[in-house]
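Lettering follows sequence order; numbering is per chain, from 1. The basis for the numbers below is simple: all heavy atoms, side chains too, and nothing from hydrogens, waters or symmetry mates.
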Protein chains: 2
Amino acid sequence: MDINDVKILLVDDEVDVLDFMKYNLEKEGFWVYTAKDGIEAIQLAKKVSPAIIILDLMMPKMDGIETCRELRTMPEFKNTLIAFLTARDEDYSQIAGFEVGADDYITKPIKPRVFISRIRALLRRLESNDSVAKVVVGDIEIDRERYLVVKGGKEISLPRKEFELMSLLVSKPGRVFKREEILSRVWGNDTIVGDRTIDVHIRKLREKIGDDYFKTIKGIGYKFDA
Amino acid sequence: MDINDVKILLVDDEVDVLDFMKYNLEKEGFWVYTAKDGIEAIQLAKKVSPAIIILDLMMPKMDGIETCRELRTMPEFKNTLIAFLTARDEDYSQIAGFEVGADDYITKPIKPRVFISRIRALLRRLESNDSVAKVVVGDIEIDRERYLVVKGGKEISLPRKEFELMSLLVSKPGRVFKREEILSRVWGNDTIVGDRTIDVHIRKLREKIGDDYFKTIKGIGYKFDA
DNA sequence: CCCCTATGTTAAGAGATGGTTAAATGAACC
DNA sequence: GGTTCATTTAACCATCTCTTAACATAGGGG
């Protein structure tokens, strides 16, 4: 997922808070939308389909809890990440929040660095969930729920890294994934591993799944093809 | 996309706002046009085909919403990015805006840094849409995503430099690329290579793709033609 | 028509890149 | 704690890519 495609919807009745969050998020390259109450938020959310919605708890018309409950009843927001914004001493309300399907809590006052890293954490969660549970390409099927690859009816179980790598490549058959991209999506942005690590994993996959499925694009990366 | 080719059309009835935005955008190297109302905006847009149009919501003669709706009915502006400019307390109008096909909202007062990063974000969106990995010219197709050249249905895979060179030439069929320009775009500004290097790569392309596609312009460079 | 320079052609070798293997490290599970 | 599996590293090898150099050819200006 490219960060520049990530849309975030901020909902709060205090304009200052909205502006502050918006400024910080935009500086990071996110795509930010704002609403001042729950009604407005739901309408806007339907239009722009944000990846993340941040709801203030206390709002006029429809409060955060209510808005969240409402959103969660609509199928299109089943997988949207919803975080609540609370003042520190409202902490008790977390229980109610998680009950209506919140994914995280962020406490005011907002500190930019903490805030951003919180958002990034949410995003990582989204990334690991957003691929559909089952992908089928040709005679190969990937079942994310059971961590299994099924090839011609036969189940093949793969270690975690191999599975994630396979899963990434299969998610867009034919598309070339650059080594750099593979590293950041399978190993994580900050991990430093040696040059041969990817190759070794590719080798294992070729061994277990079949040579022909994984093509090397020299100087660029790898792609999956059936 | 070269930033110096990016045209932006600003539409607002307040001259001060226009000037302020124009100043900031021109400083970044954008090509800026301005109009004072919707009628003028549409006429100018037809003439210069801007990549981005920024419309103030409140304007005489024809307001932003109306102008946007009008523009969206014309096929040549199907892919143009349109952003609205709104005062903070007009936020509710976002809903109407997205309905007529707006791509983003920018709130006044304008803060230069946020404004520019917003424009760049829009631009990235544009790029990811139109450089969408596929260029088709005659019976030749270049697929950046799959790192493949397809000629008459047959897939031809090229080594990196050849692919980049091909990709560059095909990106503007008929246009002559100077040797110097080819060097800096395919090899990089700092690389020093011998005289014959480009020729050898062109030869390989002629061999693999076909002689007739690559024309030599003596003393200048090369061009691609179908 | 000839000369000069720019480009075409070829093959060879240097260099980059990925493949392979085994062994070291680390994590998880009795 | 020992065992097993997953993961990474390191060393070495194989191959592909790119560049060069040497020579051939073409084509425009005089």
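Heavy-atom neighbours of B:E207 CD from other residues, nucleotides or ligands within 6.0 Å: above the threshold of 12.
A:R196 has no side-chain polar atom (N or O) that falls below the 4.0 Å cut-off from OP1 or OP2 of C:dT21. Residue A:Y147 places no side-chain N or O under 4.0 Å from the OP1 or OP2 atom of D:dA6. Residue A:Y222 places at least one side-chain N or O under 4.0 Å from the OP1 or OP2 atom of C:dG19. Close to D:dT7, at under 4.0 Å from its OP1 or OP2, lies no side-chain N or O of A:W187. OP1 and OP2 of D:dT7 both lie 4.0 Å or more from every side-chain N or O belonging to A:T197.
Nearest nucleotide to the side chain of A:V193, out of D:dC18, D:dT9, C:dT9: D:dT9. Residue A:R203 has its side chain nearest to C:dT21 when only D:dT8, C:dG19, C:dT21 are considered. The nucleotide whose nearest atom lies closest to any side-chain atom of B:V200 is, among D:dT19, D:dA6, D:dT9, D:dT19.
B:S157 and B:R146 share no donor-acceptor pair across their side chains, judged by distance under 3.5 Å alone. Side-chain contact check for B:R179 and B:S184: no donor-acceptor pair (N or O, by modelled atom type) lies under 3.5 Å.
The residue A:T216 sits close only to the backbone: its heavy atoms come under 4.0 Å of sugar-phosphate atoms, none of a base. Within the nucleic acid shown, A:K218 comes within 4.0 Å of at least one base atom, counting heavy atoms only. At a threshold of 4.0 angstrom between heavy atoms, the contacts of A:F214 with the nucleic acid are absent.
The nearest whole Å value for the distance from the CG atom in A:D199 to the P atom in C:dG18 is 7 Å. In this structure, the CZ atom of B:R179 is 7 Å from the P atom of C:dG8, given to the nearest Å. Residue B:R160 contributes atom CZ, which lies 9 Å from atom C1' of C:dT17 at whole-angstrom precision. Per the geometry, CD1 belonging to B:I182 stands 16 Å off P belonging to D:dC18, to the nearest Å. Regarding A:L158, its CG atom lies at a distance of 10 Å from the P atom of D:dT7, rounded to whole Å. Nucleotide D:dT20 holds its P atom 10 Å from the NE2 atom of B:H201, rounded to whole Å. Straight-line distance from the NZ atom of A:K161 to the C1' atom of C:dG26: 12 Å, rounded to whole Å. A straight line from CG of B:D195 to C1' of C:dA6 spans 9 Å, rounded to a whole angstrom.
One finds the NZ atom of A:K223 at 15.5 Å from the OH atom of A:Y213 (value rounded to the nearest 0.5 Å).
In this structure, B:F214 has its ring center at least 6.0 angstrom away from the ring center of B:Y222.
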